[in-house]
Each structure stands twice: as structure tokens, then as C-alpha cells.
Protein chains: 2
Amino acid sequence: MQIGELAAKTGTTPRALRHYEQAGLITSERAANGYRVYDTGAAVRVRNIRHLLDAGLTLDDVRVFLPCLDGDVTAGPASATALRVAAERLAVMDARIAAQVAVRDRLATVLSQATGTHMRPVA
Amino acid sequence: MQIGELAAKTGTTPRALRHYEQAGLITSERAANGYRVYDTGAAVRVRNIRHLLDAGLTLDDVRVFLPCLDGDVTAGPASATALRVAAERLAVMDARIAAQVAVRDRLATVLSQATGTHMRPVA
DNA sequence: TCCGACCTTGACGCCGGTGTCAAGGTCAAG
DNA sequence: CTTGACCTTGACACCGGCGTCAAGGTCGGA
């Protein structure tokens with residue numbers, strides 16, 4: 001499998017895949033002509049990477065999870081470091097969300113007082 | 001009060017304050033020598049701006065809230081236009097918050113699968 | 001043989017908020 | 001007068017995750 005096909009399979013782009021490789025998240029064999037060649041397992045790995053990135057982790061964060069990323073995301077005894085990183089990110093996100101909800105609620109309060117309309121709280 | 005003092009009072013930097021001014025978030029008088037001069041209310045205003053930024057809003061977002069930001073964050077005179085704008089922003093914020101909550105929950109899921117520990121949902 | 005679709009590396013662009021350096025003006029204290 | 005701490009504007013640097021263009025090599029099919 002070469003890079004374009006892997007990109008299509010995983011819903012990313014060749015550019016992103018090269019970027020992941022350069023960041024040390026994936027590896028590739030090289031054909032005689034210099035083209036990258038991936039084995040079938042690469043698709044799972046890339047999808048896992050995407051899940052973590054979509055979950056708000058950085059590439060550096062994801063690298064920490066690599067040891068337990070070769071199977072499915074659901075598998076693998078996560079390393080202590082990996083868990084710590086994830087927990088930290090989670091805490092940051094919770095704090096940020098809470099702050100935004102607070103702002104949102106203040107704004108909703110002002111609006112409801114001014115308009116008399118009830119604004120439903122955040123989901 | 002000049003810029004260094006305001007920065008110290010609000011826990012920011014002169015650079016940031018100039019940036020806020022250039023973004024139209026704060027204003028300043030000028031002394032004869034060209035130095036920026038702030039009145040005492042500026043500190044409250046800047047702290048409110050910081051709160052909103054820390055909540056993940058952008059400078060553009062913050063600008064929208066300026067009309068009801070001159071007193072405390074909790075106060076709001078709210079002109080008709082301001083209300084309409086505020087309602088729009090509220091929808092945007094709700095969408096943004098929902099997206100972040102979704103991301104957060106994905107991360108929490110990954111984490112809980114890895115640890116076997118149940119993480120409580122976002123407040 | 002030649003086109004077009006694929007691949008390669010390298011490098012610059014973007015967004016947002018700020019750090020930081022440059023090259024000065026201003027002012028109070030010694 | 002000099003020093004040094006403050007201020008001014010302007011502009012480039014940075015992070016992260018790519019997009020995108022450049023300039024080329026490598027295929028397979030008509």
C-alpha cells in the first residue's frame with residue numbers, strides 16, 4: 001500500500017501522513033523507487049492516531065501513547081506516563097469547558113433578563 | 001496609571017495590553033509625551049478580558065462582549081443590537097462548547113478504557 | 001512516446017496570542 | 001551630564017497541524 005491509498009483509507013492526506021512519520025508516530029518501508037510502502041496494520045494505527053488528535057491531544061502527547069497503540073485503542077496496558085499525560089489534558093479541557101460554560105451562562109442570564117425568554121442551559 | 005503599572009496590576013504584560021488596544025478591546029489616553037495613560041477602571045476591564053480569553057474565547061469574540069463589559073462582567077445595559085449580537089454569540093458558544101465536550105468525552109473514554117476507572121461526565 | 005496520476009523532498013503560509021529584539025524618546029535621580 | 005528605568009512604534013519569531021506550491025522522479029496505459 002502506498003501513501004495515497006493509506007490516506008484515503010484513513011480519511012487523512014498524504015501530507016498529514018508524512019507529517020506523522022516525521023514526528024515519529026508512524027514508520028514506513030521504502031520501495032526501490034523511493035515510494036513509501038505501508039503494511040495493512042498501518043491503517044489501524046493511523047486511525048488511532050486520528051482519534052487521539054481529535055480528542056485534543058498533541059502529536060507529542062500521542063507519541064507517549066504509542067507503546068499501547070499497535071493494536072486497537074481499546075487494548076494495551078497504558079504506561080504510567082501515558083495515563084498522566086491523558087489525565088492532564090483532560091483536566092485542562094474540563095477547566096476550559098467549565099470556564100466557557102460559566103461565561104455562557106452569564107451571557108444567557110443577561111439575555112433572558114432582557115428578553116424574558118428562557119434560554120436552555122448548555123447540553 | 002501607565003502601561004507597566006496596569007500590566008502589573010492585571011497580571012499581564014505591556015505587550016499584551018498594546019495588543020488588546022490594537023484589537024480594539026481597550027482604549028487609552030495619551031500624556032503629552034506620548035505615553036499611554038489609563039484610568040483606574042481599566043484594571044477591571046482588562047481582568048474581564050483575561051477571564052474571557054482564559055475561557056477560550058478569541059479577541060474577536062471578546063470584542064463582541066465589550067458593550068456589557070465596562071462594569072463588572074455580571075452587569076449589562078444591553079442595547080437592542082447588543083442583544084442580537086449576544087444571542088448570535090450564544091449560539092456560537094453553545095456549538096463550540098458542545099464540540100469540546102464531545103472531544104473531552106472521547107478522551108475520557110480512552111482514559112477510562114485504559115484505566116478501568118470510571119471518569120465522571122463533564123459538569 | 002507522451003500524458004497524467006502518482007510519488008519524492010523542501011520550504012513557505014496560516015491562525016492567535018504573545019515574546020522579543022531594534023532603535024529610539026522621556027524622565028527622575030545621582 | 002549620565003545612567004537606567006520607563007515608554008514609543010515596527011517587525012520578526014514561535015507553537016501545532018497541517019495546506020499548498022515548487023521542482024522534480026516514476027509509473028501505467030493509449
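Within every chain, numbering begins at 1; the chains are lettered A, B, ... in the order of the sequence lines, protein sequences first and strands thereafter.
In this view, A:A23 and A:L25, A:L59, A:R63 satisfy the side chain to side chain contact (heavy atoms under 4.5 Å, CB included) rule, not counting sequence neighbours. Under the salt bridge (charged side-chain N to carboxylate O under 4.0 Å, His left out) criterion, B:D39 pairs with no residue, sequence neighbours left out. With sequence neighbours left out, A:A95 forms a side chain to side chain contact (heavy atoms under 4.5 Å, CB included) with no residue at all. Remark: A:N33 pairs with no residue by the side-chain hydrogen bond (donor to acceptor under 3.5 Å, both in side chains) rule, at least two apart or across chains. The salt bridge (charged side-chain N to carboxylate O under 4.0 Å, His left out) check on A:R50 picks up A:D54, with sequence neighbours excluded. For A:T13, there are no side-chain hydrogen bond (donor to acceptor under 3.5 Å, both in side chains) partners two or more places apart in sequence or in a different chain. B:T27 is linked by a side-chain hydrogen bond (donor to acceptor under 3.5 Å, both in side chains) to nothing, counting only residues two or more places apart in sequence or in another chain.
Among pairs with a residue in residues 15-24 of chain B, those fulfilling salt bridge (charged side-chain N to carboxylate O under 4.0 Å, His left out) read B:E21-B:R30, B:E21-B:R36, at least two apart in sequence or across chains.
Taking all atoms of both residues into account, the shortest heavy-atom contact from A:L17 to A:I26 is O-CD1, 3.5 Å. Residues B:A43 and B:T10 share a closest heavy-atom pair of O-CG2, 3.7 Å.
Computed from coordinates, the B:R18 CZ to D:dA11 P distance equals 15 Å when rounded to whole Å. Between the CG atom of A:L17 and the C1' atom of D:dG17 there is a distance of 13 Å, given to the nearest Å. The CG-P distance, from A:L52 to D:dG16, rounds to 17 Å in whole Å. Atoms NE2 (A:H19) and C1' (D:dC15) sit 11 Å apart, rounded to a whole Å. Between A:D61 atom CG and D:dC15 atom P the separation is 16 Å, expressed in whole Å. Whole-Å rounding puts the A:L57 CG to D:dG16 P distance at 13 Å.
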Going through the distances and angles, do B:M93 and B:L57 end up as a side-chain contact (heavy atoms from CB on, under 4.5 Å)? CA-CA 9 Å; B:M93 291 183 66; B:L57 299 188; 4.2 Å; yes
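Defining each end axis of the helix from C:dT1-D:dA30 to C:dG30-D:dC1 as the rotation carrying four pairs' C1' atoms onto the next four, with five pairs an end, the two axes are found to diverge by 30° to 10 degrees.
For B:L53, counting side-chain heavy atoms from C-beta on, the closest listed nucleotide (C:dT8, D:dG17, C:dG17) is C:dG17.
Contact between the side-chain N/O atoms of A:R50 and the OP1/OP2 oxygens of D:dC18 is found at a separation under 4.0 Å.
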Write down the protein N/O and nucleotide N/O pairs, taken from nucleotides 21-23 of chain C, whose separation is under 3.5 Å; answer none if there are no such pairs.
none

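Following chains of ILVMFWY side-chain contacts shorter than 4.5 Å, one can reach B:M1 starting from B:I3, so the two form part of one hydrophobic cluster.
Proximity of residues 1-15 of chain B to DNA chain D (heavy atom under 4.0 angstrom from any strand atom) is restricted to B:Q2, B:I3, B:G4, B:R15. The stretch residues 30-38 of chain B touches DNA chain C through B:N33, B:Y35, each having a heavy atom within less than 4.0 Å of the strand.
Judged by distance alone, the side chain of A:R47 and the main-chain N or O of A:K9 form a donor-acceptor pair under 3.5 Å.
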